[in-house]
Novice: 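Shown below is the structure under consideration.
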Amino acid sequence: MTVTMIICTICIVSVQVVVFGGGSFGTAMACALARQKGDLNVTLLLRDPYVCKDINERHVNTRYLKEYMLPNNVTATTSFVEAIQGAQYAIHAVPVQHSRTFLQSIADILPPDVPIISVSKGLEVGSGKMMSEVIPSALGRKQPAAFLSGPSFAKEIMDLRPTGVVAASKDKNLARELQSLFASPYLRVNTTTDVTGVEICGALKNVLALAAGIVEGLDLGHNAMAALVAQGCAEIRWLAEKMGAKPATVSGLSGLGDIMLTCYGSLSRNRSVGVRLGQGEALADILASSNQVAEGVSTAGVVVSLARTYRVSLPVLTAVAQVLAGALSPKEAVYEIMNLPQIEEH
Ligand SMILES: NC(=O)C1=CN([C@@H]2O[C@H](COP(=O)(O)OP(=O)(O)OC[C@H]3O[C@@H](n4cnc5c(N)ncnc54)[C@H](O)[C@@H]3O)[C@@H](O)[C@H]2O)C=CC1
Ligand SMILES: O=C(CO)COP(=O)(O)O
């Protein structure tokens, strides 16, 4: 074998990716990668051995997105070691509130140089931390990390509908690496170093989507919806910029883009929870009826503390937290917001 042949043989060694969490978005990310690069092996790390069996034998995730066939190069396991061994990238798609415990459980198995690409959107209850802070805190060390966010419903990714996201990392080279890993004729990937902006916008838009759903559920009309979303955008801008977000991020894919998607898109789980609250259902019943996470429900309370810390008034986002806590009914929240002092725009 010549030297060139040996080098080429090394070149075609396949890329291995592990996905933590095989819910809707973990599954969609696995498919987005595996479909476009046949030499790439994606392993979903799940908790349920029966779902693993279905994925490995029938190529179907029988719990999430079950109407889709998964590519053959997507497999699943419940074994941490098996999933992580040899992986060059780890996509983290575990809901934010379970992320710390999950990451602590794999800390000793995950090599410290494997980048974690978090797609989870929310803030940790108790600490108020973003995933960029939860990851090093849970692992007990610095780990290369990036944050993929933007308007991207899992189902539309599975349907190969054109989608645009942003890869945020303090490490520009890692963001560019991910751009080439994920980019496809169906997926555009911008890069940025504004991790705080991307993360806080991704977390706050879920709370605003709950408010948009409430307005829809109360049947308040298009005027009310547009006023609410505009006010919510301003509140997200006020808080995000105080936390250090760049204006370009707030008006970009992970900010305005994702706000539009989740406030107006019927596929949003957060918006759907809001619609049902607006229609008078109790939060406990709504949550009990779904096996899917609506991150805004936990994030809303954290936003209230952030508003206090950063001394910014967020009437809509705060009202969502009050409705979720049962302190206000959806109708009372609307009444309170409509009766706030008239203001000058800023
Ligand atoms: N579904 C979507 O369209 C999008 C979701 N996201 C974000 O991705 C994250 C994950 O969302 P989905 O996959 O949609 O949620 P999902 O509700 O569909 O699935 C959650 C997954 O996490 C797993 N999980 C829950 N607790 C766990 C634990 N303690 N340890 C390990 N795994 C655990 C569940 O078994 C399930 O596989 C969320 O933060 C969400 O905001 C981001 C973009 C789009
Ligand atoms: O973040 C999302 C799309 O970008 C998904 O939103 P939901 O969690 O509200 O479904």
Side-chain angles (χ1 to χ4, degrees), residues 18-32 44-52 54-55 61-66 76-78 80 83 90-106 117-124 130-131 134 138 147-159 161 163-166 182 187 198-199 201-213 252-276 286-287 290-300 320:
V18 57
V19 179
F20 301 147
S24 312
F25 209 56
T27 304
M29 287 288 94
C31 289
L44 289 164
L45 176 57
L46 310 183
R47 291 177 301 172
D48 186 333
Y50 295 104
V51 177
C52 284
D54 289 334
I55 291 173
N61 181 337
T62 37
R63 184 158 300 163
Y64 299 94
L65 297 165
K66 46 186 156 207
T77 178
T78 55
F80 291 179
I91 299 179
H92 180 91
V94 174
V96 172
Q97 306 316 323
H98 301 290
S99 287
R100 180 177 293 274
T101 321
F102 171 80
L103 289 164
Q104 282 167 342
S105 66
I106 56 142
I117 304 136
S118 171
V119 296
S120 305
K121 296 175 182 171
L123 300 170
E124 189 182 50
M130 295 185 268
M131 283 303 297
V134 171
F147 305 86
L148 202 70
S149 193
S152 47
F153 284 138
K155 185 177 182 312
E156 296 198 354
I157 287 182
M158 296 301 281
D159 286 332
R161 297 200 175 197
T163 299
V165 293
V166 53
F182 282 93
L187 191 59
V198 164
E199 279 221 272
C201 286
L204 298 181
K205 68 86 194 171
N206 284 333
V207 183
L208 183 54
L210 284 161
L253 286 168
S254 63
L256 199 52
D258 217 357
I259 290 172
M260 291 300 166
L261 183 83
T262 32
C263 287
Y264 290 99
S266 58
L267 291 176
S268 164
R269 284 95 39 105
N270 287 288
R271 184 182 187 277
S272 303
V273 169
V275 171
R276 292 172 66 179
I286 300 170
L287 297 182
S290 169
N291 70 342
Q292 299 226 1
V293 67
E295 293 273 22
V297 174
S298 330
T299 295
V320 173

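In what follows, every heavy atom counts, from backbone to side chain, and hydrogens, waters and symmetry copies are set aside. Numbering of ligands and ligand atoms starts at 1, following listing order. Bear in mind that the values here come from a model prediction, so they are computed numbers and not experimental data.
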Novice: What part of Phe20, side chain from CB on, backbone N/CA/C/O, both or neither, has a heavy atom under 4.0 Å from ligand 1?
Specialist: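 It is neither; nothing of Phe20 touches ligand 1.
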Novice: Which atoms form the tightest heavy-atom contact between Leu208 and Ile259, and what is the distance?
Specialist: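 Here Leu208 and Ile259 meet closest at CD2-CG2, 3.7 Å.
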Novice: Among all protein non-hydrogen atoms, which one is nearest to atom 10 (C) of ligand 1, and what is the separation to 0.1 Å?
Specialist: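 Ranking protein heavy atoms by distance from atom 10 (C) of ligand 1, first comes Ala93 O, 3.4 Å.
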Novice: Would you give the length of the straight line joining atom CG of Leu261 to atom CG of Leu256, rounded to the nearest 0.5 angstrom?
Specialist: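 Rounded to the nearest 0.5 Å, the CG-CG separation comes out at 11.5 Å.
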Novice: Using 0.5 Å steps for rounding, measure from the OG atom of Ser120 to the CD atom of Glu199.
Specialist: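 Rounded to the nearest 0.5 Å, the OG-CD separation comes to 9.0 Å.
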Novice: Check this for me - ligand 1, Phe25, N or O atoms closer than 3.5 angstrom, yes or no?
Specialist: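 For ligand 1, there is an N or O atom that lies under 3.5 Å from one belonging to Phe25.
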Novice: Quick check for you: to the nearest 0.5 Å, what is the distance between Phe182 atom CZ and Leu187 atom CG?
Specialist: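 Going from the CZ atom of Phe182 to the CG atom of Leu187 covers 8.0 Å.
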Novice: Minimum heavy-atom separation for Cys201 and Ser254, please, with both atom names.
Specialist: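 That closest heavy-atom pairing would be CB-O, 3.3 Å.
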Novice: Of all the atoms in ligand 1, which lie at a distance below 4.0 Å from a heavy atom belonging to Phe153?
Specialist: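 Under 4.0 Å from Phe153, ligand 1 has these atoms: 3 (O).
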Novice: Tell me which part of Asn291 gets within contact of ligand 1: side chain, backbone, both or neither, using heavy atoms under 4.0 Å.
Specialist: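 Only the backbone of Asn291 comes within reach of ligand 1.
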Novice: Looking only at protein heavy atoms, which one is nearest to atom 19 (O) of ligand 1, and what is the separation?
Specialist: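 Protein heavy atom at minimum distance: Gly23 CA, 3.2 Å.
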Novice: Closer than 4.0 angstrom: is that true for some heavy atom of Arg269 and an atom of ligand 1?
Specialist: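 In this structure, Arg269 qualifies as a contact of ligand 1 - some heavy atom is under 4.0 Å.
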Novice: Is it the side chain (CB and beyond), the backbone, both or neither of Ala154 that lies under 4.0 Å from ligand 1, heavy atoms counted?
Specialist: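 The part of Ala154 near ligand 1 is both the backbone and the side chain.
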Novice: Does any N or O of ligand 1 fall below 3.5 Å from an N or O anywhere on Asn206, backbone included?
Specialist: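 No, since none of the N or O atoms of Asn206 sits under 3.5 Å from an N or O of ligand 1.
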Novice: Which atom pair, heavy atoms only, marks the closest approach of Ala209 to Ser268?
Specialist: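 Result for this residue pair: CB-OG, 4.2 Å.
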Novice: How far does CG of Leu44 sit from CG of Asn61, to the nearest 0.5 angstrom?
Specialist: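 Answer rounded to 0.5 Å: 7.0 Å.
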Novice: Using a 4.0 Å heavy-atom cut-off, which part of Lys155 comes near ligand 1: side chain, backbone, both, or neither?
Specialist: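 Neither part.
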Novice: For ligand 1, is there an N or O atom under 3.5 Å from any N or O atom of Pro95?
Specialist: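 No, no N or O pair falls under 3.5 Å.
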Novice: Using salt bridge (Lys or Arg N to Asp or Glu O under 4.0 Å), reason through Lys66 and Asp54 one step at a time and then give a plain yes or no.
Specialist: CA-CA 10 Å; Lys66 46 186 156 207; Asp54 289 334; over 6 Å; no
Novice: Only heavy atoms of Tyr64, strictly under 4.0 Å: list the atoms of ligand 1 that pass.
Specialist: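 Near Tyr64, meaning under 4.0 Å from one of its heavy atoms, ligand 1 has 16 (P), 18 (O), 19 (O), 36 (C), 37 (O).
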Novice: Could you measure the distance from the CD1 atom of Ile157 to the CG atom of Leu65? Nearest 0.5 Å is fine.
Specialist: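 Here the rounded value is 10.0 Å.
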Novice: Consider side-chain contact (heavy atoms from CB on, under 4.5 Å). Of Gln104, Met131, Glu124, which one does Ser99 pass it with?
Specialist: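 The single option meeting the side-chain contact (heavy atoms from CB on, under 4.5 Å) with Ser99 is Met131.
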Novice: List the closest protein heavy-atom neighbour of atom 44 (C) of ligand 1: residue, atom name, distance to the nearest 0.1 Å.
Specialist: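 Scanning the protein heavy atoms, the shortest distance from atom 44 (C) of ligand 1 goes to Ser152 O, 3.1 Å.
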Novice: What atoms of ligand 1 come closer than 4.0 angstrom to any heavy atom of Glu295?
Specialist: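 Counting from 1, the qualifying ligand atoms are 38 (C), 39 (O), 41 (O).
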Novice: Between CG of Asn291 and OG of Ser24, what distance do you get to the nearest 0.5 Å?
Specialist: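 The OG atom of Ser24 is 7.5 Å from CG of Asn291, to the nearest 0.5 Å.
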Novice: Looking at Tyr50, I'd like to know if its OH atom is crowded, meaning that more than 12 non-hydrogen atoms belonging to other residues, nucleotides or ligands lie closer than 6.0 Å.
Specialist: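 No, not enclosed.
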Novice: Write out the protein residues near ligand 2, meaning a non-hydrogen atom under 4.0 Å from one of its atoms, in order of chain and number.
Specialist: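 The answer is Lys121, Gly150, Pro151, Ser152, Phe153, Lys205, Asp258, Leu261, Thr262, Leu267, Ser268, Arg269, Asn270, counting any residue whose heavy atom sits under 4.0 Å from ligand 2.
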Novice: List every atom of ligand 1 that sits less than 4.0 Å from any heavy atom of Gly22, numbering the atoms from 1 in the order shown and giving each element.
Specialist: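 Per the distance check, 37 (O).
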Novice: Any side-chain donor-acceptor pair under 3.5 Å between Asn270 and Thr262?
Specialist: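 No, because no side-chain N or O of Asn270 sits under 3.5 Å from a partner of the opposite role on Thr262.
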Novice: With respect to Val293, determine whether any N or O atom, backbone or side chain, lies less than 3.5 Å from an N or O atom of ligand 1.
Specialist: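 Yes, since at least one N or O of Val293 sits under 3.5 Å from an N or O of ligand 1.
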Novice: Taking all non-hydrogen atoms of both residues into account, name the closest pair between Pro95 and Val293 and its distance.
Specialist: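 Of all heavy-atom pairs spanning Pro95 and Val293, the closest is CB-CG2, 3.9 Å.
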Novice: Starting from atom 7 (C) of ligand 1, find the nearest protein heavy-atom neighbour and note its residue, name and distance.
Specialist: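 Going by distance alone, atom 7 (C) of ligand 1 is nearest to Val119 O, 3.4 Å.
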Novice: Considering non-hydrogen atoms only, spot the tightest contact between Lys121 and Gly202 and give its length.
Specialist: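 Shortest heavy-atom separation between Lys121 and Gly202 comes out as CB-O, 3.6 Å.
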Novice: Ignoring hydrogens, just give me the one of Gln292, His98, Met29, Arg47 whose non-hydrogen atom is nearest atom 33 (C) of ligand 1.
Specialist: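 Looking at heavy atoms only, the winner is Arg47.
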